[in-house]
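Read through the structure below, which is laid out as structure tokens, and then see the notes.
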Amino acid sequence: MTVQVYSDYGALSHAAARLIAAQANQLVAQRGSFSLALAGGHTPARLYELLASAPYRDQIPWDSVHIFWGDERCVPADDPASNQGMARRLLLDRVPLPLEQIYPIPGELPARQAADQYEKLLKDFFTRRATGFDLILLGLGADGHTASLFPRTAALHETQRWVTAVHLNDSQPDRVSLTAPFINLAAQVVFIVSGAGKAQALHMVLEGLYQPEVYPAQLIRPIQPPIWLVDQAAGQKLTGQSIIEQSD
Ligand code: 6PG
């Protein structure tokens, strides 16, 4: 796999914006559309702002882009915890993307119902086009989770469904997540990881023993290996085992 290490969060975010713009143009030229699943959490915030600003905004063929999410918290879209809300504020409300090409996970519904509804939407969409997303953007938690695939949860063992409901505990909202088998059908998975707090998890995911119960991001093994975009703080514990390209 390829690990590209950037000097800081800003450089990392620009690299991710360049990659997404390039992939969007390539896929639209090849197939007439580009399906992109967004990550939640804080790391992609600067990336989303960049995609909504020059030069990237003007480089992307938004009228052929279809936007999805890799996971969602079961909260209303205007809740600060909503992945949909963040992406709309920072990106989708600021680019000329047809509204009917934005496919949010219905976080206002109970998790199981939202998962069923989103899975049906995905099956309708992809049955007509391809087997999986053109690009899925994923983050990495300090505990090694990705999307809402958390350590030691039932979601890690889902082999049939594309989308699953996730109950963590009674003090957090339930979640909805793409499953590892469906993420692995994507043509390209891109991880974006920033900050010293992720260094241990990144090292263990990429260079530790294969133990996906503990480090669920290890379940993400698409045919085309993921591209890891990290900053130096997150990559500080990586050794020579990972192919590291110092980039900026
Ligand atoms: C979510 C995300 C989740 C996120 C990681 C990293 O909904 O929380 O999809 O998988 O990518 O938790 O989050 P940060 O970017 O905030 O560190």
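All values derive from a computational prediction rather than experimental measurement. These values consider heavy atoms only, across backbone and side chains, with no hydrogens, waters or symmetry-generated copies. Both ligands and their constituent atoms are indexed starting at 1 by order of listing.
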Notebook entry, point to check: Are Arg73 and ligand 1 in contact, using a heavy-atom cut-off of under 4.0 Å?
Noted result: yes
Next item on the list: Using a strict cut-off of 4.0 Å, indicate which atoms of ligand 1 neighbour a heavy atom of Arg175.
Entry: 1 (C), 7 (O), 8 (O)
Note to self: Ignoring hydrogens and geometry beyond distance, is a side-chain donor-acceptor pair present between Ser177 and Asp71 at under 3.5 Å?
What the structure shows: no
Note to self: Testing the 3.5 Å rule here: is there a donor-acceptor pair between the side chains of His66 and Glu100?
What the structure shows: no
Next item on the list: For atom 4 (C) of ligand 1, grab the closest protein heavy atom and report residue, atom and distance to one decimal in Å.
Entry: Gly40 O, 4.0 Å
Note to self: Quick check on ring pair (Phe, Tyr, Trp, His ring centres under 6.0 Å): which of Phe150, Tyr215, Phe191 does His145 satisfy it with?
What the structure shows: Phe150
Notebook entry, point to check: Going by the order shown, which atoms of ligand 1 are within less than 4.0 Å of some heavy atom of His42?
Noted result: 14 (P), 15 (O), 16 (O)
Margin query: I need the contact type for Asp71 against ligand 1. Using non-hydrogen atoms and a strict under-4.0 Å cut-off, is it side chain, backbone, both or neither?
Written below: side chain
Checklist line | Spacing of Lys198 atom NZ and Ile192 atom CD1 [to the nearest 0.5 Å] | finding: 10.0 Å
Note to self: So, regarding Lys198 and ligand 1 (criterion: nitrogen or oxygen to nitrogen or oxygen, under 3.5 Å), is there a contact or not?
What the structure shows: yes
Notebook entry, point to check: Short question: side chain of Asn184, backbone of Ala180 - any donor-acceptor pair under 3.5 Å?
Noted result: yes
Check: Is Ala147 in polar range of ligand 1, meaning some N or O pair under 3.5 Å apart?
Finding: yes
Check: Residues in salt bridge (Lys or Arg N to Asp or Glu O under 4.0 Å) with Glu158, at least two apart?
Finding: none
Check: Do Arg46 and Ser13 meet the criterion of a side-chain donor-acceptor pair at a distance under 3.5 Å?
Finding: no
Next item on the list: Have a look at ligand 1 and work out which part of Leu140, if any, has a heavy atom under 4.0 Å from it: side chain, backbone, both or neither.
Entry: backbone
Check: For ligand 1, which atoms, with element, lie under 4.0 Å from some heavy atom of Gly139?
Finding: 11 (O)
Item checked: Validation row, ring centre Tyr103 to ring centre Tyr118 under 6.0 Å -> no
Note to self: Among all the protein's non-hydrogen atoms, which is closest to atom 15 (O) of ligand 1, and how far away is it?
What the structure shows: Thr43 OG1, 2.6 Å
Margin query: What protein heavy atom lies closest to atom 13 (O) of ligand 1? Include the residue and the distance to one decimal.
Written below: Gly41 CA, 3.9 Å
Check: Is any N or O atom of His145, backbone or side chain, closer than 3.5 Å to an N or O atom of ligand 1?
Finding: yes
